[in-house]
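Residue numbers begin at 1 in each chain, while the letters A, B, ... track the order of the sequences.
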Protein chains: 2
Amino acid sequence: MASSAPNLAIFRDYAMKPDPTSSLPPSILLSHSDTCLTVFDAFPKSIFHLLVIPRIKPPFSARHLADLRSLLQCKKDVAKELLMNLNEEANNVKIMIEEEMMKRYKFKWDIWMGFHPISSMEHLHLHVLSADLCSPKMKLKKHFNSFHPNLGFFLHLKDVLSWFDADPSFYRRMAKLDRSQYELLLKDGDLCCWTCDRALGSMPKLKAHLQDEFDKLTKREKATLERKRKRMEAPSSPMRAPVTDDEHPEKTARVAPSEGADSGVAVVGTSADCNE
Amino acid sequence: MASSAPNLAIFRDYAMKPDPTSSLPPSILLSHSDTCLTVFDAFPKSIFHLLVIPRIKPPFSARHLADLRSLLQCKKDVAKELLMNLNEEANNVKIMIEEEMMKRYKFKWDIWMGFHPISSMEHLHLHVLSADLCSPKMKLKKHFNSFHPNLGFFLHLKDVLSWFDADPSFYRRMAKLDRSQYELLLKDGDLCCWTCDRALGSMPKLKAHLQDEFDKLTKREKATLERKRKRMEAPSSPMRAPVTDDEHPEKTARVAPSEGADSGVAVVGTSADCNE
DNA sequence: TATTCCGATAGTGAC
DNA sequence: GTCACTATCGGAATGAG
């Protein structure tokens, strides 16, 4: 039961497990590598929402991996390597999510990867979530603001990685991750849609709008699909033959959350693991 | 239906009526005199809660009677006479309430008479209410604080009258009734029981406590009644004969709110008017 | 920035 | 300090061998 779990150190527990697969059920664990493991977010804020967690291995102790700030206080090259490991795992997760998008929705949409600069959960975790923010677990203003892709709280992985190649003074400034600065961002009352930037004024209105945006996206993609299908039925285009959307037919995705449900745990398929 | 009446000037409407009895139903109007009328508070904050309203008659215009402050800006002797008229009517109302207390509860308890220094309702009204503050309509902190007999917001009529006989500078100071001063009193967070002065911390706890206090009072009075009954059965006391509690058996009270109900309108009996 | 529960707080609309 | 409705904000408890 992953219902009301006030275990704020549970990710650290996961990160310490020598053999994640044998100690974590598939309803929690999606996959793992030598350096990371990926779990379903128990309270997904998008249709797809997973967490990539660095395993506690030398040269890192639990303390180094407490959060993003503590990681960025480590030696830069070591920190960057860990982020690259997370990035690699996240890219695999992204592919799995996209496969499941195709299965369930017949189209793909964006996937975000990023960190929260401050967190109640006691171990670093990289959010990998679909770009919709539609979920019954999306309840509070701070929920929404913490995943808004352009508000500044959600730190995109590629941006964090870019800090390493920027001016050292810039790196140091960003690596500070001053708590109070970021706290203010969450209290922004505008509740602006991340897609169209309109202010919605309240969470219920925002949620309805986000659903509208996703429905519009779905409609657009369905129309695109329909045009493709027609081209396939009457292949008059001499330019190229129609292709399938599924770019990875050999992989069997199991990144399947319970769509619209409120169980708190992602529902998974029955197929086998597909990590590297 | 006196259900959801957002008419903030309704008391002024009442106060202007030439013939209250013919234009106001007995579910609203309890009684009237030449100078006042008494209505049931549509949202009683105690078991008994009525409002004595000055009628608009020379030398007063509606403006003079807008609230207590505007009244106290009138000539002192005229203002005092109006208050004395309210006082007389309120004393009659008090007697009627006490009769109904005896009928329903077999004992009497205190009755408060007083003003709110600031009000959203646009016409002066004297609150006459039983000293219990037990009512389903007692919902908010400001409700409770505005009737707390020792907090300073509820201005007891006898205190207001005493200002007239005090030093003129004192009168002028009190007559100012500075809005912001009194607003603060309503936000007092302590929620102290008006009987035992204990802080209750939240409205639900306060309401439960107020009910407890009233239940204890009821129990005490029932015990007193029982002792009296026993003395009557065995009249061994040579000092004096037992007497009835009802000091006004000739009057038929109709000051009967719906006990514990949440209709918003006081339920009345079927007997006739009993004003002077 | 864990959730959930409870309650206080704030803004609105009522006609 | 009119009410009632909606939503937000704010603290506290939560888990457990």
Which residue pairs pass the side chain to side chain donor-acceptor pair (under 3.5 Å) test when at least one of the two sits in residues 65-74 of chain B, sequence neighbours left out? B:Asp67-B:Ser70
Going by the ring-ring contact (aromatic ring centres under 6.0 Å, His included) test, which pairs reach into residues 114-141 of chain A, not counting sequence neighbours? A:Phe11-A:His125, A:His49-A:His127, A:His116-A:His127, A:His116-A:Phe147, A:His116-A:Phe153, A:His125-A:His127, A:His127-A:Phe147
Which stems does DNA chain C form, counting runs of 3 or more consecutive Watson-Crick or G-U wobble pairs with both distances under 3.5 Å? C:2-14 with D:2-14
For B:Phe153 and D:dG1, give me the distance from atom CZ to atom P, rounded to whole Å. 7 Å
Side-chain donor-acceptor distances from residues 171-179 of chain A under 3.5 Å, at least two apart:
residue: A:Tyr171; atom: OH; partner: A:Leu72; partner atom: O; Å: 3.4
residue: A:Asp178; atom: OD2; partner: A:Ser180; partner atom: OG; Å: 2.9
residue: A:Asp178; atom: OD2; partner: A:Gln181; partner atom: N; Å: 3.4

With sequence neighbours left out, write down each residue that passes salt bridge (Lys or Arg N to Asp or Glu O under 4.0 Å) with B:Lys94, or none if nothing qualifies. B:Glu98
Sorted by number, residues from residues 117-125 of chain A placing a heavy atom under 4.0 Å from DNA chain C are A:Ile118, A:Ser119, A:Ser120, A:Met121
By ring pair (Phe, Tyr, Trp, His ring centres under 6.0 Å), which residues pair with A:Phe60, not counting sequence neighbours? none
Taking CG from B:Leu140 and P from C:dT9, how many angstroms apart are they, rounded to a whole number? 10 Å
With sequence neighbours left out, write down each residue that passes salt bridge (Lys or Arg N to Asp or Glu O under 4.0 Å) with A:Lys57, or none if nothing qualifies. A:Asp34
Take atom P in C:dT4 and the same atom in D:dA16, then report the distance between them in whole Å. 15 Å
Residue set satisfying salt bridge (Lys or Arg N to Asp or Glu O under 4.0 Å) with B:Lys141, at least two apart, ordered chain then number -> none
Nucleotide nearest B:Lys137 when distance is taken to its side chain, options D:dA4, D:dG1, D:dT2: D:dA4
Using the salt bridge (Lys or Arg N to Asp or Glu O under 4.0 Å) criterion, which residues pair with B:Lys207? Sequence neighbours excluded. none
What contact category does B:Lys45 fall into here, base, sugar-phosphate, or nothing, at under 4.0 angstrom with non-hydrogen atoms? sugar-phosphate
Give me the atom names and distance for the closest heavy-atom approach of A:Gly201 to A:Leu191. C-CD1, 4.1 Å
Could you give the distance separating C:dC5 and D:dG15 at their P atoms, to the nearest angstrom? 12 Å
Out of D:dG1, D:dC3, C:dT4, which has the shortest distance to the side chain of B:Phe43? D:dC3
Under the side-chain hydrogen bond (donor to acceptor under 3.5 Å, both in side chains) criterion, do B:Asp215 and B:Gln211 qualify, and how do the steps go? CA-CA 6 Å; B:Asp215 292 344; B:Gln211 188 60 52; 3.0 Å; yes
Give every pair of a protein N or O atom and an N or O atom of nucleotides 7-10 of chain D that lie under 3.5 Å apart, one pair per line with the distance.
residue: D:dT8; atom: OP1; partner: A:Met203; partner atom: N; Å: 2.6
residue: D:dC9; atom: OP1; partner: A:Lys141; partner atom: NZ; Å: 3.2

Distance test, side-chain N/O of B:His143 to OP1/OP2 of D:dG1, below 4.0 Å: yes
Report all side-chain donor-acceptor pairs from residues 192-199 of chain B shorter than 3.5 Å, counting only partners two or more places apart or in another chain.
none

